[in-house]
**Q** 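Quick one: this structure, given as structure tokens, is what I'll be asking you about.
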Amino acid sequence: QVQLVESGGGLVQSGGSLRLSCVASGRYAGGYALGWFRQPPGKEREFVATISRTAVEIDYADAVKGRFTISRDNDKNTVSLQMNSLKPEDTGVYYCAANFGWSTRVQDYDYWGQGIQVTVSS
């Protein structure tokens with residue numbers, strides 16, 4: 001069992017930066033790949049980025065590649081998402097998630113945080 005709690009988020013101007021963090025807890029929290037997903041207003045949840053248990057494998061959605069950076073600290077059981085050059089289309093609820101395997105699909109993730117709002121103004 002893994003519990004996930006996001007922090008950060010908020011309102012930022014277009015072109016600005018924001019950093020999201022997520023703390024994972026539980027006996028085997030370090031055994032999961034960790035990822036970030038987002039749900040824009042009126043749309044379905046979509047993949048943003050994921051990082052493997054050892055941080056060797058990293059994947060990004062094409063829409064955020066070159067602007068977002070995912071990282072993890074296994075000593076603290078945290079995963080972060082640094083978001084730069086933000087655009088209004090990045091607006092949505094961002095979720096931290098844990099996967100025992102390796103996937104970019106929503107349905108393959110086992111545990112989810114409560115979500116945190118990110119709003120980018122023009």
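Numbers for residues simply follow the sequence, beginning at 1. Quick caveat, the model's predicted, so the values are computed rather than measured.
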**Q** For Ser71, what residues pass the side-chain hydrogen bond (donor to acceptor under 3.5 Å, both in side chains) criterion, not counting sequence neighbours?
**A** none

**Q** Holding to side-chain hydrogen bond (donor to acceptor under 3.5 Å, both in side chains), I want the full list of residues that pass it with Ser25, two or more places apart in sequence or in another chain.
**A** Gln3

**Q** Pairs under 3.5 angstrom only: tabulate donor-acceptor contacts from the side chains of residues 113-122 to other protein residues two or more places apart or in another chain.
**A**
from   : atom 1 : to     : atom 2 : distance (Å)
Gln114 : NE2    : Glu6   : OE1    : 3.2
Gln117 : NE2    : Thr119 : OG1    : 3.2

**Q** For Asp62, which residues count as a salt bridge (Lys or Arg N to Asp or Glu O under 4.0 Å) partner, sequence neighbours excluded?
**A** Lys65

**Q** Taking side chain to side chain contact (heavy atoms under 4.5 Å, CB included) as the test, write out the residues that go with Lys43, two or more places apart.
**A** Pro40

**Q** Considering only residues two or more places apart or on different chains, which pairs with a residue in residues 40-79 satisfy ring pair (Phe, Tyr, Trp, His ring centres under 6.0 Å)?
**A** Phe37-Phe47

**Q** Suppose we screen for side chain to side chain contact (heavy atoms under 4.5 Å, CB included). Which residues come up paired with Ser7, at least two apart in sequence or across chains?
**A** Ser21

**Q** Only counting residues at least two apart or in another chain, list the ones meeting side-chain hydrogen bond (donor to acceptor under 3.5 Å, both in side chains) with Glu57.
**A** none

**Q** Going by atom type alone, with no hydrogens or angles, which donor-acceptor pairs under 3.5 Å involve a side-chain atom of residues 92-102 and a protein atom two or more places apart or on another chain?
**A**
from  : atom 1 : to     : atom 2 : distance (Å)
Tyr94 : OH     : Arg38  : NH1    : 2.9
Tyr94 : OH     : Asp90  : O      : 2.6
Asn99 : OD1    : Gly101 : N      : 2.9

**Q** The criterion is side chain to side chain contact (heavy atoms under 4.5 Å, CB included); which residues satisfy it with Gln107, sequence neighbours excluded?
**A** Arg105

**Q** So, using side-chain hydrogen bond (donor to acceptor under 3.5 Å, both in side chains) as the criterion, who are the partners of Asn84 when residues are at least two apart?
**A** Ser17, Gln82

**Q** Clusters formed by hydrophobic residues whose side-chain heavy atoms approach within less than 4.5 Å: which one holds Val23, and what are its other members?
**A** none

